[in-house]
J.: 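Below is a structure I'd like to ask you about.
Each ligand, and each atom within it, is numbered from 1 in the order the structure gives.
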Amino acid sequence: MNKISIQNILKSSSLNTDFSVSGWVRNKRVSKKIAFIMLNDGSCIQDLQIIVEDSNLLVQVFKQISIGSSINVIGKLIQSAGKEQSFELIAKEIKLIGYADPEKYPIQPKKHTLDFLRKNAHLRFRTKTFSSIFRIRHALSFAVHQFFNNNNFYYINTPIITSADAEGAGEMFKVTSLDINKLPLTDKGLVDYEKDFFSKQANLTVSGQLEAELAALGLSKVYTFGPTFRAENSNTSRHLAEFWMIEPEVAFSDIYDNIDLATSLLKYVAKYVLENYIDDITFLSDRKEKEEQSIKKEDRSSKNLLDTIQHIIDTDFTTITYTEAFKILKNSKKNKKNKFQFPVNEWGIDFQSEHERFLVEKEFNNPVVIIDYPKDIKAFYMRLNEDNKTVRAMDILFSGIGEIIGGSQREERLDFLKKRMQEMYIPEKELWWYIETRCYGTVPHSGFGLGFERLVQFITGMSNIRDVIPFPRYPSQIEF
Ligand code: ATP
Ligand code: MN
């Protein structure tokens, strides 16, 4: 028997051929003479309509086949008479594989809230919305690898357990094999990490950048794509405790090359999903439009999801300096009327998501690249500008999200790097290997971090980041 996925059967032109299809029942309608079963196997957004006319089968469908049950159907593919679908299957045999008790099965063919589905994350893959999101997530991941491979980058795996706190941010999860109820202590009463697994304090990584830099200073063009962890207690719709990050690092490359690379990557992956997953995107676009009808007009997106993605592909991003962005924000009506939660008063403040979104959504109506940030709000490794006050940082801001990419040209000059580390109290002996790359054959180089879930969020139009990763981790949430 021709075993086939629903994605392939709908593409097939083998009419009047018998096929064997398996999936879950999304919906069914039964009458005395005929039954319709909407079957889905997750291979694509469409359901396959199964027509049941045989009287024995009808009894079986009526008795056994509930919504959520898994079944196997053998039947003949025919042209559909209905408008909704082009093909349907006339059932010859139906086998119940796994029964779902309709009294108990949580996923019913009605609207569930996203919060309800988050609590049922083990079953939400069966819904239209979440199967679409996770197909797109796959597509984006594939397109990212394809983009880098096409551009002769090498994929590097950087450690997940590290001893270095790259950002000096102190928001890391600790990794230990010590018995935390019986910690060995030093004379001073502190934990004796000498006795720990690595003979040193260890953490989960917050970024693969420092190691990616080492690789770039030999392989020239590399990228990482792996999980990162931040113990920041930020209960927002854009932060997770465990998220995936794409971090390219390129030798012989300055900040403008870096912006070009980031821009081409974003455009490439956006184009890839529009070209290959238009059914899912269209569904999610309609979903978002419906969802936004319940919020205030001024908070709604100015474009639908399809046009928002197309805009990324078509437009030139707007590049401005931090100082220019600061002036725009400071002089904005919104700031003067005190409508920002965090007022913009003094040069040197870090922009909040509300400021980033104001620039993108209200001021420019376009993606914005901000460069030359004050050195005091950025990491030690960013290259110092001539003005001694700003660094060659670049953040890319998108509508609905705010920061999607954070990157910079790195400080390749040994003396500048050491001075900055001193100023920021970063011990040289912890990063001796990083410093050595500046001693031997140092070169200008640049890179950035693209938060993968923020990218998936942007492309799927989902307003909460917890809905674009299969099993989200955030404060007090580690179920599944
Ligand atoms: P934010 O200011 O939004 O917290 P950040 O400045 O901490 O971001 P970076 O350290 O520059 O971010 O990390 C690079 C990218 O990783 C960000 O541009 C964003 O896309 C993503 N990112 C950062 N923190 C998180 C998080 N907690 N959850 C998901 N994605 C994140
Ligand atoms: Mn952060």
J.: Out of curiosity, is R230 lining ligand 1, as in a heavy atom under 4.0 Å away?
T.: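 Yes, that is the case, since the closest heavy atom of the residue is under 4.0 Å from the ligand.
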J.: Heavy-atom distances under 4.0 Å decide this one: backbone, side chain, both or neither, for V206 against ligand 1?
T.: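 It is neither; nothing of V206 touches ligand 1.
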J.: Do the rings of F358 and F340 sit parallel, tilted or perpendicular, given the 30° and 60° boundaries?
T.: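 Rings of F358 and F340: perpendicular, as their planes differ by over 60°.
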J.: Looking at non-hydrogen atoms alone, which of E247, E403, Q209 comes nearest to atom 6 (O) of ligand 1?
T.: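 Answer by nearest heavy atom: E403.
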J.: Check each atom of ligand 1 against the heavy atoms of R238 and keep those under 4.0 Å away; list them by number with element.
T.: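 Result: 28 (N), 29 (C).
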J.: Could you tell me how the ring of H122 sits relative to the ring of F480: parallel (under 30°), tilted (30 to 60°) or perpendicular (over 60°)?
T.: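 Geometry flag for F480 against H122: parallel rings.
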J.: Short list, please: which atoms of ligand 1 are under 4.0 Å from a heavy atom of M245?
T.: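 Close to M245: 13 (O), 14 (C), 15 (C), 16 (O).
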J.: Within 45 degrees of the axis of the six-membered ring of Y373 and under 6.0 Å from its centre: does K378 put its NZ or CZ there?
T.: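 Relative to the ring axis of Y373, which defines the angle, K378 lies inside both limits.
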J.: Is a side-chain donor or acceptor of H355 paired with a backbone partner of Q352 at a separation under 3.5 angstrom?
T.: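 Looks like yes, one N/O pair under 3.5 Å.
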J.: Which word best sums up how the rings of Y322 and F351 line up, parallel for under 30°, tilted for 30 to 60°, or perpendicular for over 60°?
T.: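 Taking F351 first and then Y322, their aromatic rings lie parallel (interplane angle under 30°).
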J.: Considering the options R383, R438, R392, which one meets the salt bridge (Lys or Arg N to Asp or Glu O under 4.0 Å) requirement together with E412?
T.: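 So, applying the salt bridge (Lys or Arg N to Asp or Glu O under 4.0 Å) to E412 and each of R383, R438, R392, only R383 qualifies.
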J.: Within ligand 1, which atoms have a heavy atom of I465 less than 4.0 Å away?
T.: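 Here the atoms of ligand 1 in question are 29 (C).
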J.: Does only the side chain of E232 get under 4.0 Å from ligand 1, or the backbone, or both, or neither? Count heavy atoms.
T.: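 The part of E232 near ligand 1 is the side chain, not the backbone.
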J.: Does R466 make a cation-pi contact with Y474 (under 6.0 Å, within 45 degrees of the axis)?
T.: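 Relative to the ring axis of Y474, which defines the angle, R466 lies inside both limits.
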J.: Can you list the ligand 1 atoms lying under 4.0 Å from a non-hydrogen atom of I405?
T.: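 Under 4.0 Å from I405, ligand 1 has these atoms: 18 (O).
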J.: Is I404 in polar range of ligand 1, meaning some N or O pair under 3.5 Å apart?
T.: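 Yes, there is a polar N/O contact under 3.5 Å.
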J.: Side chain, backbone, both or neither: which part of H239 comes within less than 4.0 Å of ligand 1 when only heavy atoms are counted?
T.: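 It is both backbone and side chain that touch ligand 1.
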